[in-house]
Amino acid sequence: MEMVRTTKLIYSFILSLALFLALSANGFAQDFSLIDSKAAQAFMARDYQTALDEFNQLAKKRPHDLLIKRYQAICLDRLGRHDEAVEILKQILLISTQAVSVHYHLATIYFKLQQAELAEQHFNEVVSIAGGSKYDELAQVYLDAIANQRFNFLKPGAPKRWSFYAILGVNTDLGSREYFTGEDRSGTRSSGYFSANYYYLRNHDWTGSIGISLFRSHHSHESLSDNDFKQWGIRTTLQRQTQFLGKSAIMRFSLDYKNLEFGSRDYSDGLSGSFNTRIRFTDNTATNFYLSYGQDDFKPLSSFDTAFILTSQDLFYSGIDHSVYLKDRTIELGAGVFTNLIDADNDDFNREGYGARVFARFALPHKFQFRLAATFRNDDYPDHSSAFSREFDSVYYSAGLSKQLGKNFALNLIYRNYDVDYSTDFGDFDNDTLGMYLSYVY
């Protein structure tokens, strides 16, 4: 779930610069300079309560000045008094319908209030009347964020202080052949997932959260001794809206800890960190660069010979995805490439891999969505001690149809196919699954 905050690093600079320029050309009396007033100075110092008090005093003397009204609204917004800010901005639009900054500020407030339709309306006004401006660029970032949130069945808008997410699902193997014996292990897997996140940082430039997640699944096939899988984890994320190469960018750093169990025994502990940068080089595209590193420690069964088991590994992963948005962001088409490296304590498990993927998302009428994805990859074990080459090619396909159910629920039907071709006598592996999932988001 990609969540985006409402402003950028340049946002405060734009407001301050706009205040200075507007006041310089606003026709104030020659014996009065608002830029030198206590209101303007307090605003640029981000003392918004003092600024509001001073702007209120000035408004009494100049009740028809739209600039003073606009900065009254901005101060109210910064103080969390969003409804009052909206009323003032709406009054300004009754007089000046082409006020780009007013449309922009109204849209950001509606985004904070999770009123996506109203936010989109005013962001689109910004795009239509101020193409190529900084306000246009910022509005495009918000429109992308709203589209992505809808694609992921998240309530569009700024995150609340607390968020919760849960999934219950049933996954049926249409055909599943075990690697070595060729045994068909088709069956049904039930699963449940829950996460809770607390946003400890939510300001104009930064978003920070910390959360916990729980996952459990059970496979019905009786021959599987470890048919129960459990995982819990803790994650913290820090995200910033900024500029990169002169373009709008979202940078995110995440740190994850995960503990896995199979059956009644511990399987592994893992710690990983990742860095993502999402950049909008053009109005209708987004490019995502990502890099991650992690370390896993395994707890193998004591009956195994330590010379043939894996006890720890370092994982490196990097890639780039590029998306194109069409038809008012109701369609996303994308492609990407990636590479991965595993450096294990046992050289037999060292692995190198690379691959490519394509994906598409379509927003359909009546709150339906359709998704397609395909991933192609090659992996090999360059330091394997055996005489033969150990490598494999794999192809992963998926298709999904989803339906929004009210404000908080969604129903998902997903088909997956996973095909592995080995270069040795392990034989090929082919797996088809069909799953149904009910999700809840708050």
Side-chain angles (χ1 to χ4, degrees), residues 1-5 114 145 148-171 189-202 206-219 226-239 250-276 278 288 290-299 313 315 317 340 371 373 398 400 402 404-405 407-412 414 416 433 435-442:
M1 277 173 227
E2 270 186 18
M3 298 280 286
V4 179
R5 281 300 300 142
Q114 295 189 331
N148 284 327
Q149 288 172 323
R150 283 204 174 103
F151 273 129
N152 291 301
F153 291 113
L154 300 174
K155 189 173 183 180
K160 297 181 179 180
R161 183 66 70 181
W162 283 94
S163 69
F164 303 95
Y165 186 64
I167 301 177
L168 293 176
V170 177
N171 198 74
R189 182 184 300 276
S190 57
S191 61
Y193 174 85
F194 173 79
S195 67
N197 290 278
Y198 174 73
Y199 287 85
Y200 60 84
L201 182 60
R202 298 184 306 166
W206 296 88
T207 304
S209 66
I210 186 169
I212 186 170
S213 63
L214 306 169
F215 175 80
R216 183 170 184 174
S217 68
H218 176 82
H219 199 287
D226 288 336
N227 57 357
D228 278 312
F229 174 82
K230 289 173 281 187
Q231 175 182 295
W232 68 272
I234 299 174
R235 185 181 195 189
T236 182
T237 299
L238 188 62
Q239 176 176 294
I250 300 171
M251 297 185 178
R252 179 186 297 112
F253 173 76
S254 298
L255 187 64
D256 291 83
Y257 169 79
K258 292 181 180 179
N259 176 274
L260 284 71
E261 295 181 17
F262 278 110
S264 59
R265 69 182 185 89
D266 287 339
Y267 178 71
S268 70
D269 292 294
L271 184 65
S272 64
S274 64
F275 178 76
N276 296 61
R278 183 180 177 89
N288 187 40
Y290 49 92
L291 178 68
S292 67
Y293 165 75
Q295 184 178 56
D296 291 326
D297 293 318
F298 298 93
K299 301 176 177 62
Q313 64 181 15
L315 302 94
Y317 193 83
N340 66 275
R371 302 171 185 240
S398 68
S402 305
Q404 185 84 37
L405 305 175
K407 294 182 178 180
N408 302 99
F409 290 92
L411 184 65
N412 306 279
I414 301 176
R416 298 184 180 95
T433 62
M436 182 172 66
Y437 304 88
L438 179 66
S439 62
Y440 170 84
V441 60
Y442 171 79

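Along the sequence shown, residues are numbered consecutively beginning with 1. Remember, predicted model here, so these are calculated numbers, not experimental data.
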For the student: nearest non-hydrogen atoms of [X] and [Y], plus distance:
X: Thr237; Y: Ser254; result: OG1-OG, 3.2 Å
X: Tyr437; Y: Arg416; result: OH-NH1, 3.5 Å
X: Gly211; Y: Asn197; result: CA-OD1, 3.5 Å
X: Ile167; Y: Ser439; result: CG1-CB, 4.0 Å
X: Ala166; Y: Phe194; result: CB-CD1, 4.2 Å

Let me confirm one number: the [atom1]-[atom2] distance from [X] to [Y], rounded to the nearest 0.5 Å.
X: Met436; Y: Ile414; atom1: CE; atom2: CD1; answer: 11.5 Å
X: Ser217; Y: Phe215; atom1: OG; atom2: CZ; answer: 4.5 Å
X: Ser209; Y: Leu201; atom1: OG; atom2: CG; answer: 9.5 Å
X: Ser268; Y: Asp297; atom1: OG; atom2: CG; answer: 8.5 Å
X: Thr433; Y: Asn171; atom1: OG1; atom2: CG; answer: 4.5 Å
X: Asn288; Y: Arg278; atom1: CG; atom2: CZ; answer: 6.5 Å

Using the side-chain contact (heavy atoms from CB on, under 4.5 Å) criterion, which residues pair with [X]? Sequence neighbours excluded.
X: Met251; answer: Thr242, Phe244, Phe275, Thr277
X: Tyr200; answer: Tyr198, Ile210, Thr236, Leu238
X: Tyr257; answer: Trp232, Asn259, Asp269, Leu271
X: Asp296; answer: Phe298, Gln313, Leu315

Counting distance only, does the side-chain N/O of [X] pair as donor-acceptor with the main-chain N or O of [Y] below 3.5 Å?
X: Asp266; Y: Glu261; answer: no
X: Arg161; Y: Tyr199; answer: yes
X: Gln239; Y: Ile250; answer: no

Open item on the list: Just to verify, what does Lys258 make a salt bridge (Lys or Arg N to Asp or Glu O under 4.0 Å) with, not counting sequence neighbours?
Closed with: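 In terms of salt bridge (Lys or Arg N to Asp or Glu O under 4.0 Å), with neighbours along the sequence ignored, Lys258 is linked to no residue.
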
- [ ] Apply salt bridge (Lys or Arg N to Asp or Glu O under 4.0 Å) to Arg235 and list each qualifying residue two or more places apart in sequence or on a separate chain.
- [x]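 For Arg235, the residues satisfying salt bridge (Lys or Arg N to Asp or Glu O under 4.0 Å) (neighbours in sequence not counted) are Asp256.
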
- [ ] May I ask you to test the Lys160-Gln114 pair for a side-chain heavy-atom distance under 4.5 Å?
- [x]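 The answer is yes, as the side chains (C-beta and beyond) meet within the 4.5 Å cut-off.
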
Open item on the list: Is the shortest side-chain heavy-atom distance between Phe262 and Phe229 below 4.5 Å?
Closed with: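 Touching, per the 4.5 Å side-chain cut-off.
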
